Structure formats: structure tokens, C-alpha cells
Visitor: 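Attaching a single structure in C-alpha cells format; questions to follow.
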Amino acid sequence: MKKAIVFLANGFEEMEATGTVDVLCRGGVEVKTVSISSEREVTGAHGMVYLADATFGDMDFSEADALILPGGMPGSSNLNDCEPLKELLVDHYKKGKIVAAICAAPMVLGGLGLLKGRRATCYPGFEPKLIGATATGEAVEVDGNVITGKGPGLVFNFGLALLSVLKSDAVAEEVAGGLLL
């Protein structure tokens, strides 16, 4: 079974985290939410409180097929300030595994140099943070093992793109149909 990790930082965009998790679960991907702090309780950008499955220090990430960053502010900045997470993303990327980010969170990948020479998208206004990328403005970009999404209203596009890569186009189409998309 394919495995994905969605990282939660205080100030994360609730729709992007929840929608991505939901789409992946519907497609048969095992998903864990992980708080980047020492507390499992994480507060989203709009004040909703979530209980992550685990904290960063309690996880073994070796079997993860995809590492996913929801956006939101200041959640994306908080992700960007987490050095252990950034080290994990670089290691995962170098192994050819999927790294994905939506909304403002692609700035984390850009700052790490993981977008150089790739097509990428993000929330409007964050394009300068996509260092070395060709910013397309598309809903979703899949370029090699990097997947980026534009923002909360496009979370289904983002989740389905991840599902296509992790499972198959057929599974993504089946889930999209069940969601009436």
C-alpha cells in the first residue's frame, strides 16, 4: 500500500490538508498527519484545531512514498522554519520519492532548491519564492517527483494529481467520479 505523510504546522490551510487527506484515503493510500511540533494538537489558519496522528519526533519516515505540505499562512512559514523537516524533504527528493506542496508551501521547496529547472505553481504572489522554477499559474503541476498546487479552491486537483502518481490515473478518475468532479 502506498503511504503519504501530510505535515501540519500551526497556521496551516485546513481545506488543503483535509481535502488532500480525504482524496488520498478514498484512493486507498495510507495517510498520516504529522505535527511538526512536539504537540499533536495543531491550530489551522482559520482557528480550527486538529489532532495530528503523530508528532515529527515520533515518526519513521523511511516507508513514506510522498511527503506533502499544505499551505496557509503562517503555516507555510512555520514549515519553512522547521530544519528537520527541510532535511527530510531534501533526502526524500534525492531518493526520487514524491515531494508535494500547495498554495504558499511550494516556497519551502523553492528555498531548498528542489524546484530548479521545474515547472511549478503556487498561490498568486508567492512566485518569487519558487526559486529556479518556471512558475506556470496552473492549478497543479507534476514535474518529475515534484507536485505543486495553486491554492485551496484547487485542492481536489492537487489530491487527484497525487493519487494519479501514487496509484494510477484510473484510480484518480474513479475517486473524481465519486466526488462528482
Side-chain angles (χ1 to χ4, degrees), residues 4-24 31-59 61 64 66-93 98-116 118-141 143 146-159 161-162:
I5 307 291
V6 176
F7 292 96
L8 303 180
N10 284 320
F12 73 96
E13 171 53 59
E14 294 95 338
M15 283 179 58
E16 293 165 357
T18 304
T20 301
V21 169
D22 182 83
V23 168
L24 293 175
V31 183
K32 297 281 185 202
T33 55
V34 175
S35 168
I36 64 164
S37 78
S38 60
E39 302 295 324
R40 286 180 55 209
E41 193 172 278
V42 186
T43 303
H46 301 99
M48 294 180 230
V49 179
Y50 285 72
L51 187 64
D53 295 315
T55 62
F56 194 92
D58 293 335
M59 285 293 296
F61 300 104
L67 302 180
I68 304 165
L69 307 178
M73 288 302 277
S76 295
S77 292
N78 291 333
L79 291 170
N80 201 38
D81 290 339
C82 182
E83 292 302 322
L85 172 60
K86 293 195 299 188
E87 290 171 16
L88 177 65
L89 288 165
V90 169
D91 182 61
H92 202 75
Y93 172 87
I98 298 166
V99 293
I102 185 170
C103 194
M107 73 179 196
V108 178
L109 305 180
L112 293 170
L114 305 185
L115 299 180
K116 286 182 180 164
R118 296 184 182 275
R119 294 177 325 278
T121 193
C122 63
Y123 195 83
F126 282 86
E127 293 87 357
K129 307 270 187 189
L130 305 181
I131 300 165
T134 300
T136 67
E138 295 295 324
V140 177
E141 285 293 350
D143 192 337
V146 178
I147 301 172
T148 52
K150 191 169 185 176
L154 300 162
V155 69
F156 291 115
N157 305 63
F158 181 69
L162 278 159

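Only a predicted model underlies this, so the values are computations on that prediction, with no experimental measurement involved.
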Visitor: Can you tell me how far the OH atom of Tyr93 sits from the CD1 atom of Ile98, to the nearest 0.5 Å?
Guide: 13.0 Å
Visitor: For Met15 versus Val155, what's the shortest heavy-atom pair and its separation?
Guide: O-CG2, 3.6 Å
Visitor: Determine the interplanar angle of the Phe61 and Phe7 rings, folded into 0 to 90°, and report it as parallel if under 30°, tilted if 30 to 60°, perpendicular if over 60°.
Guide: tilted
Visitor: What's the separation between atom CD1 in Ile147 and atom CG in Leu109, rounded to the nearest 0.5 Å?
Guide: 11.0 Å
Visitor: For the pair Lys150 (side chain) and Gly137 (backbone), establish whether a donor and an acceptor sit closer than 3.5 Å, ignoring hydrogens and angles.
Guide: yes
Visitor: Val23 and Leu162: side chain to side chain contact (heavy atoms under 4.5 Å, CB included), yes or no, with the steps?
Guide: CA-CA 9 Å; Val23 168; Leu162 278 159; over 6 Å; no
Visitor: Just how far is it from atom NZ of Lys32 to atom CG of Leu8, taken to the nearest 0.5 Å?
Guide: 13.5 Å
Visitor: Run through Asp53, Val34, Leu69, Ile68 and flag the one making a side chain to side chain contact (heavy atoms under 4.5 Å, CB included) with Val6.
Guide: Ile68
Visitor: From Phe56 CZ over to Ile5 CD1, what is the distance, rounded to the nearest 0.5 angstrom?
Guide: 10.0 Å
Visitor: Taking only residues two or more places apart in sequence or in another chain, which ones pass side chain to side chain donor-acceptor pair (under 3.5 Å) with Ser37?
Guide: Ser35
Visitor: Shortest non-hydrogen contact from Tyr123 to Ala104?
Guide: CB-N, 4.1 Å
Visitor: Apply side chain to side chain contact (heavy atoms under 4.5 Å, CB included) to Leu79 and Phe12, showing your working.
Guide: CA-CA 9 Å; Leu79 291 170; Phe12 73 96; over 6 Å; no
Visitor: Measuring only between side-chain heavy atoms, which start at C-beta, is Cys103 closer than 4.5 Å to Pro70?
Guide: no
Visitor: For the residue pair Gly111 and Ile131, what are the closest heavy atoms and their distance?
Guide: CA-CD1, 4.2 Å
Visitor: Going from CD on Glu127 to OG1 on Thr136, what distance comes out if it is rounded to the nearest 0.5 angstrom?
Guide: 9.5 Å
Visitor: Please find the pair of heavy atoms, one from Leu130 and one from Cys122, that lie closest to each other, and give the distance.
Guide: CD1-SG, 3.6 Å
Visitor: Can you tell me how far apart CD1 (Ile36) and NZ (Lys86) are? Round to the nearest 0.5 Å.
Guide: 10.5 Å
Visitor: Is Asp143 paired with Arg119 through a side-chain N to carboxylate O contact shorter than 4.0 Å?
Guide: yes
Visitor: Can you give me the closest heavy-atom contact between Phe158 and Ala100, atom names plus distance?
Guide: CZ-CB, 3.8 Å
Visitor: Distance-only, no hydrogens or angles: does the Glu14 side chain make a donor-acceptor pair with backbone N or O of Ala45 under 3.5 Å?
Guide: yes
Visitor: I'd like to know if the side chain of Thr121 reaches the main chain of Thr148, judged simply by a donor and an acceptor atom lying under 3.5 Å from each other, with no hydrogens or angles considered.
Guide: no
Visitor: If you take all heavy atoms of Glu16 and Gly72, which pair is closest and at what distance?
Guide: OE1-N, 3.8 Å
Visitor: Leu115 and side chain to side chain contact (heavy atoms under 4.5 Å, CB included): which partner among Val99, Thr134, Val146, Val108?
Guide: Val146
Visitor: Taking side-chain hydrogen bond (donor to acceptor under 3.5 Å, both in side chains) as the cut-off, I'd like each qualifying pair that reaches into residues 67-81, sequence neighbours left out, listed once.
Guide: none
